[in-house]
Amino acid sequence: MNLHNGLLFWPSTYTDDVQYPILEENITCDVLIVGGGMSGALCAYTLGKETDLDVVVIDRRKPGYGSSSANTGLLQFSSDKMLHELIEQKGEQDAVYFYQLCQNALENLKKIAQNLSEDPEFREQKSLYYASTAEDVQKLIREYEALKKFDFPVEYLEPQEISSRFPFSKPAALVTSGDADVNPYKFVHTMLKDAEAAGVKIFEETPLMRKTKTVHGFTCESENGTIQARHIIFATGYENDFLAQQLGADLNRSYAIATEPLPSLKTWYKEWMIWETKRPYLYMRTTKDGRIIAGGLDEDQAEAPLNDGLIEERGERIRQKIMEHFPDLSPVISHSWCATFGESHDGLPYIGEHPNRLGEYYCLGFGGNGTVYSMLGAEMIKDLITKGFHPASRLFTIARAVSL
């Protein structure tokens with residue numbers, strides 16, 4: 001499946017990625033991680049740095065070249081599913097706990113970024129979440145009350161408070177603190193490089209062809225070698241559409257652009273990240289070198305289109321949306337692309353051990369907050385492997401899937 005098409009921006013920002021060997025022997029390890037994207041890199045880095053386990057990563061292509069290279073790098077503790085909506089769906093205790101876990105995951109992402117051997121362009125940011133229409137104001141008020149009640153860092157802005165900061169006004173907005181943006185491509189590659197330095201073995205162009213359960217773990221066969229592993233973590237993202245169907249997830253596609261660097265972003269208040277209540281929503285952020293990254297126009301189709309003209313037309317529509325918000329800017333598109341993304345049936349990621357196959361774990365950050373969910377998953381699976389327990393397991397168990 002084509003996970004993305006078009007001209008990607010992030011690979012142009014980092015050319016120091018490592019070439020890893022292809023597996024051509026039979027090896028053993030404690031933990032095999034299948035997938036070298038954001039989820040796999042976070043699992044590899046966390047296990048490599050925080051445990052004495054012997055860890056191996058395999059990727060069917062070059063690590064970091066799948067969905068991670070199309071990631072737009074917005075990191076927020078808020079979910080696409082608002083807290084007050086999640087409270088109605090899951091109950092107050094579980095919904096608040098989930099949001100707190102996302103907050104903690106953001107802090108862990110920050111710590112990793114600060115300790116990497118290269119700067120992944122991680123910047124702490126605030127997010128402006130505005131009401132797209134007057135009808136959505138009540139929804140934002142309910143969300144503000146829920147976030148405030150449980151001490152999440154949030155402010156409520158009236159229309160005049162928005163227009164005093166930005167060259168546009170909206171019926172209402174929330175401002176959340178503690179969010180961030182990052183160069184996701186550089187983040188993945190630097191984590192893998194540092195994980196390898198910590199002893200993790202990484203193999204590219206090494207697809208998992210066959211997996212067999214054994215008394216002591218798993219026998220995993222690739223094209224030119226076999227791996228005996230006590231534990232296996234599937235961090236395959238949106239690569240496996242059959243797995244997504246089994247889990248009851250929806251695979252869709254979204255469009256994004258990066259602009260050329262702009263001479264000034266002074267009308268963009270403190271370069272806050274911006275998103276909206278409308279679904280599908282527009283989202284916008286800036287970069288360290290003064291570009292704008294924006295995306296949206298989600299479509300209910302899994303595979304990214306091969307038609308460059310369609311991608312360019314969607315990119316131009318996104319550019320026009322930017323100019324509606326910032327009429328003083330004249331952004332020029334440098335890159336436009338389309339990418340597959342997945343959403344679970346209930347808005348929560350799939351993380352944890354398979355209920356019928358002990359030692360088989362999943363770190364699938366399905367949802368609009370994939371990197372945050374993947375960080376949460378890496379920490380959870382580390383505890384499940386080393387301690388046999390994590391209190392959040394029941395929230396994200398794949399046993400809640402439609403079909404296993």
Side-chain angles (χ1 to χ4, degrees), residues 4 6 8-10 38 67-82 102 106 121-133 136 139-140 143 154 157 162 165-168 170 172-185 252-259 262 265 268-288 291-299 304 311 314-326 329 331 333 335-343 347 365-373:
H4 51 71
L8 299 173
F9 169 61
W10 296 115
M38 183 65 77
S67 297
S68 299
S69 60
N71 186 328
T72 48
L74 288 80
L75 310 176
Q76 298 166 309
F77 72 80
S78 295
S79 169
D80 284 1
K81 180 105 39 180
M82 292 187 188
C102 290
L106 263 164
E121 298 167 27
F122 184 98
R123 305 184 302 175
E124 294 184 75
Q125 295 282 22
K126 290 188 177 183
S127 296
L128 181 83
Y129 185 37
Y130 68 74
S132 305
T133 65
D136 289 340
K139 185 188 297 185
L140 276 192
E143 184 66 0
V154 62
L157 298 187
I162 301 169
R165 292 171 170 84
F166 293 93
F168 60 83
K170 297 294 175 182
L174 302 184
V175 179
T176 53
S177 304
D179 296 333
D181 60 32
V182 72
N183 179 332
Y185 189 79
N252 304 300
R253 67 190 188 193
S254 186
Y255 297 86
I257 65 169
T259 72
L262 288 144
L265 288 168
W268 191 314
Y269 186 74
K270 296 187 178 180
E271 297 187 36
W272 287 355
M273 300 187 294
I274 299 171
W275 59 313
E276 63 173 329
T277 55
K278 180 183 176 183
R279 295 293 186 270
Y281 56 84
L282 172 74
Y283 54 91
M284 299 183 283
R285 56 159 289 193
T286 64
T287 65
K288 193 175 181 179
R291 299 174 189 262
I292 296 171
I293 304 249
L297 305 180
D298 301 352
E299 295 173 345
I311 294 173
R314 298 292 194 272
E316 175 58 25
R317 284 169 58 182
I318 293 171
R319 189 184 78 90
Q320 292 295 331
K321 289 288 186 181
I322 295 173
M323 294 182 66
E324 289 174 15
H325 291 75
F326 297 95
L329 301 180
I333 297 174
H335 300 74
S336 56
W337 66 95
C338 180
T340 300
F341 72 96
E343 297 179 297
F366 284 15
N369 236 353
T371 300
V372 173
Y373 298 164

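If you read the sequence from its start, that first residue is 1, and numbering goes on from there. Small disclaimer: the values here were computed from a predicted structure and weren't measured.
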Just checking, is any N or O donor in the side chain of E324 or Q320 under 3.5 Å from an acceptor N or O on the other one? no
So CZ of R291 and CG of L262: to nearest 0.5 Å the spacing works out to 9.5 Å
When rounded to the nearest 0.5 angstrom, what is the spacing between CZ in F122 and CG in L75? 6.0 Å
Applying side chain to side chain contact (heavy atoms under 4.5 Å, CB included) to D179 and not counting sequence neighbours gives Q76, F77, L106, S127, T176, M273
Smallest separation among heavy atoms of K278 and Y281, with atom names: O-CB, 2.9 Å
Reported NE2-to-CD1 distance for the pair H325 and I274, which is rounded to 0.5 angstrom: 6.5 Å
By side chain to side chain contact (heavy atoms under 4.5 Å, CB included), K288 pairs with (sequence neighbours left out) D119, E121
Under the criterion side chain to side chain contact (heavy atoms under 4.5 Å, CB included), which of T371, T72, N71 is the partner of P184? N71
Does the R285 side chain pair with the main chain of V182, one donor and one acceptor, at a distance under 3.5 Å? yes
Mind checking the CG-OH spacing from D136 to Y130? Nearest 0.5 Å is all I need. 10.5 Å
Please collect all salt bridge (Lys or Arg N to Asp or Glu O under 4.0 Å) contacts where either partner lies in residues 69-78, sequence neighbours excluded, each pair once. none
Is any side-chain heavy atom of F9 closer than 4.5 Å to one of W337? yes
With a 4.5 Å limit on heavy-atom distance, are the side chains of P167 and W268 in contact? no
Nearest 0.5 angstrom please: I293 CD1 to T287 OG1, how far? 6.0 Å
Provide the closest heavy-atom pair for M82 versus K139 in the form atom of the first, atom of the second, distance. CE-CD, 3.3 Å
Please answer whether the main-chain N or O of S336 pairs with a side-chain N or O of R314 as donor and acceptor at a distance below 3.5 Å. no
Minimum heavy-atom distance between I333 and H335, given as atom pair plus value: CG2-O, 3.5 Å
Please confirm whether the backbone N or O of C338 pairs with a side-chain atom of R253, one donor and one acceptor, at under 3.5 Å? no
Should K170 and E276 count as an ion pair when the cut-off is N to O under 4.0 Å? no
Student check: side-chain heavy atoms of V175 and L128 closer than 4.5 Å: yes
Can you name the closest pair of heavy atoms from S254 and Y283 and give their distance? OG-OH, 3.9 Å
Check the orientation of W275 and Y129. Use parallel for under 30°, tilted for 30 to 60°, and perpendicular for over 60°. parallel
Could you go through the side chain to side chain contact (heavy atoms under 4.5 Å, CB included) check for E143 and V154 one step at a time? CA-CA 10 Å; E143 184 66 0; V154 62; over 6 Å; no
Grab the two heavy atoms, one from P331 and one from M323, that are nearest each other, plus how far apart they are. CD-CG, 3.7 Å
Side chain proximity check, T259 to R319, heavy atoms < 4.5 angstrom: no
Quick one, F326 and M284 - any side-chain contact, counting heavy atoms below 4.5 Å? yes
What closest approach, in Å, do C102 and V372 show between heavy atoms, and which atom pair accounts for it? O-CG1, 3.7 Å
Does some side-chain heavy atom of I292 sit less than 4.5 Å from a side-chain heavy atom of L265? yes
Measure the spacing between CG of L174 and CG of L157 and express it to the nearest 0.5 Å. 8.0 Å
Any sub-3.5 Å donor-acceptor pair from N183's side-chain atoms to W10's backbone N or O? no
